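What follows is a single structure, written as structure tokens, with notes after it.
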Amino acid sequence: MGTLDGRTAIITGGASGIGAATVRLFVEQGARVLIADLQEEKGQELAASLGQEAAFLKVNVTREAEVSGAIDTVVSRWGRLDCVYNNAGFGGALGPIETTPVEEYDMTFDVLLKSVFLGMKHAAPVMKRQRAGSIISTASAAGLEAGMAPHLYSVAKAGVVQLTKSVALELGEYGIRVNCICPGAIVTPLAVGRPEPRAEQVQALRENAARMHALNRVGEPEEIARAALWLASDDASFVTGQALAVDGGVTAGRPWRNLPEFQRTPHPIRMYRLPEE
Ligand SMILES: NC(=O)c1ccc[n+]([C@@H]2O[C@H](COP(=O)([O-])OP(=O)(O)OC[C@H]3O[C@@H](n4cnc5c(N)ncnc54)[C@H](O)[C@@H]3O)[C@@H](O)[C@H]2O)c1
């Protein structure tokens, strides 16, 4: 028996990285999943590898008609919609504030925040009728603390966190739970480069980003997928309005090993003795 037996889900950005790992895990746990992504070839390939339990639909998550169409597809195909996972994303605008073009500002917020708004907006009426549902979004550790990612990416992800809390407060009385996941650095094409990351890029991420995480390593897509599975399942039946950090400790603070030497070394006189009166 799987945790999601008989359930249905849409996973945006499901053709790659965190989304693809979640598609696989949800299907393994009994769900039927619609993969909604722009990458047609990868999405079709993944769906085909999972048989009848998965299907692919080419969707641009910045377009309202395509997001609502994806939700209609799940309902007409499988009769209900138990989970929407708003996960599609990209790095957004890069560089200093003074040279960031307004067009890139718009595009960044469209892909990272408007898409989440659209997923929530169109899931709500269906889930309200069912009086049940789980809406999950991928925010980021960068949405909780500044200095981890480009300006606009960080702000858009902070927006996802706040939208999650706000919408959870509206939809809770209908039995709909709304949560987001804040990953630390995860080895995916987004973090290490497209189309297929080169081995040295993966190695550089593993070494450099690892140092900022208490666990001294970066994360794997499957580790985020397991958090999404928990939030989608009845195991999280009393959890809503949360930004769940699955981040190897990166938002907890500076790892002990990176503190200045004098703070890590026991020093009875300086640290433990009060000054003489
Ligand atoms: N990898 C990390 O370190 C990390 C950390 C924190 C948060 N995240 C977030 O996790 C989510 C998944 O990213 P990932 O790391 O798996 O990257 P990824 O590049 O492997 O997957 C992202 C997917 O989103 C799809 N996508 C992008 N724009 C789209 C659009 N307009 N319409 C439909 N699909 C679109 C891409 O085609 C791709 O398949 C993103 O929201 C990202 O911001 C990633």
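Bear in mind that the values here come from a model prediction, so they are computed numbers and not experimental data. Start at 1 and go down the list; that is how both ligands and their atoms are numbered.
Within the 4.0 Å heavy-atom shell around ligand 1 one does not find Thr12. Put simply, part of Lys157 is less than 4.0 Å from ligand 1, judged by heavy atoms. Contact analysis leaves Cys182 out of contact with ligand 1, as no non-hydrogen atom separation drops below 4.0 angstrom.
When Val116, Asp37, Leu112, Thr22 are checked for heavy-atom proximity to atom 36 (C) of ligand 1, Asp37 turns out nearest. For atom 5 (C) of ligand 1, the nearest non-hydrogen atom from the set Ser140, Gly14, Gly184 belongs to Gly184. Closest heavy-atom approach to atom 13 (O) of ligand 1 within the set Leu190, Val67, Ile224: this belongs to Leu190. Of the listed residues (Val111, Val61, Thr62), the one carrying the non-hydrogen atom nearest atom 32 (N) of ligand 1 is Val61. Scanning Gly89, Pro183, Ala225, Gly13 for the heavy atom closest to atom 27 (C) of ligand 1 points to Gly89. Considering Ile11, Asn87, Leu46, Leu205 only, the shortest heavy-atom separation from atom 12 (C) of ligand 1 involves Asn87. Among Leu38, Val187, Val59, the residue whose heavy atom lies closest to atom 29 (C) of ligand 1 is Leu38.
A salt bridge between Glu223 and Arg217 is present, with a side-chain N of the basic residue lying under 4.0 Å from a carboxylate O of the acidic one. With respect to Arg32 and Asp5, no salt bridge is recorded, no charged nitrogen being found less than 4.0 Å from a carboxylate O. Salt bridge annotation for Glu220-Arg206: present, with a cationic side-chain nitrogen under 4.0 angstrom from a carboxylate oxygen.
Ile136 has its side chain out of reach of Val84: every pair of non-hydrogen atoms, C-beta onward, lies at least 4.5 Å apart. Taking the side chain as every heavy atom from C-beta outward, Asp82 and Arg80 approach each other to under 4.5 Å.
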- Trace of the side chain to side chain donor-acceptor pair (under 3.5 Å) decision for Gln29 with Thr3: CA-CA 5 Å; Gln29 290 298 319; Thr3 317; 2.8 Å; yes
- Checking side chain to side chain donor-acceptor pair (under 3.5 Å) for the pair Thr138/Asn87: CA distance, chi angles, key distance, verdict? CA-CA 5 Å; Thr138 308; Asn87 164 76; 2.7 Å; yes
- Item | Intermediate values then yes/no, salt bridge (Lys or Arg N to Asp or Glu O under 4.0 Å), Glu64 and Lys114 | CA-CA 9 Å; Glu64 181 159 23; Lys114 185 163 96 178; over 6 Å; no
- Item | Residue pair Ser76, Asp72: steps toward the side chain to side chain donor-acceptor pair (under 3.5 Å) verdict | CA-CA 6 Å; Ser76 59; Asp72 292 346; over 6 Å; no
- Criterion salt bridge (Lys or Arg N to Asp or Glu O under 4.0 Å) on Arg77 and Glu53, from CA distance to verdict: CA-CA 11 Å; Arg77 196 177 176 129; Glu53 308 312 310; over 6 Å; no
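Of all atoms in ligand 1, numbered sequentially from 1 with element shown, those under 4.0 Å from a heavy atom of Asn60 are 30 (C), 31 (N), 32 (N). Interface atoms of ligand 1 facing Pro189, defined by a heavy-atom separation under 4.0 Å, are 20 (O). For ligand 1, the atoms closer than 4.0 angstrom to any heavy atom of Gly17 are 16 (O), 20 (O). Against a heavy-atom cut-off of under 4.0 Å, Gln39 is close to the following atoms of ligand 1: 36 (C), 37 (O), 38 (C), 39 (O). In the vicinity of Ala185, heavy-atom distances shorter than 4.0 Å reach the ligand 1 atoms 3 (O). Taking a cut-off of under 4.0 Å to the non-hydrogen atoms of Ala88, the atoms of ligand 1 that pass are 24 (O), 26 (N), 34 (N), 35 (C), 41 (O).
Within the 4.0 Å heavy-atom criterion, the part of Ala139 lying near ligand 1 is the backbone and not the side chain. Both the backbone and the side chain of Ile18 come within 4.0 Å of ligand 1, counting heavy atoms alone.
A donor-acceptor pair under 3.5 Å links the side-chain atoms of Thr100 to the main chain of Pro96, judged by distance alone.
Checked by distance only, ligand 1 and Ile186 come closer than 3.5 Å through their nitrogen or oxygen atoms.
The distance from atom CZ of Arg7 to atom CZ of Phe26, rounded to the nearest 0.5 Å, is 10.5 Å.
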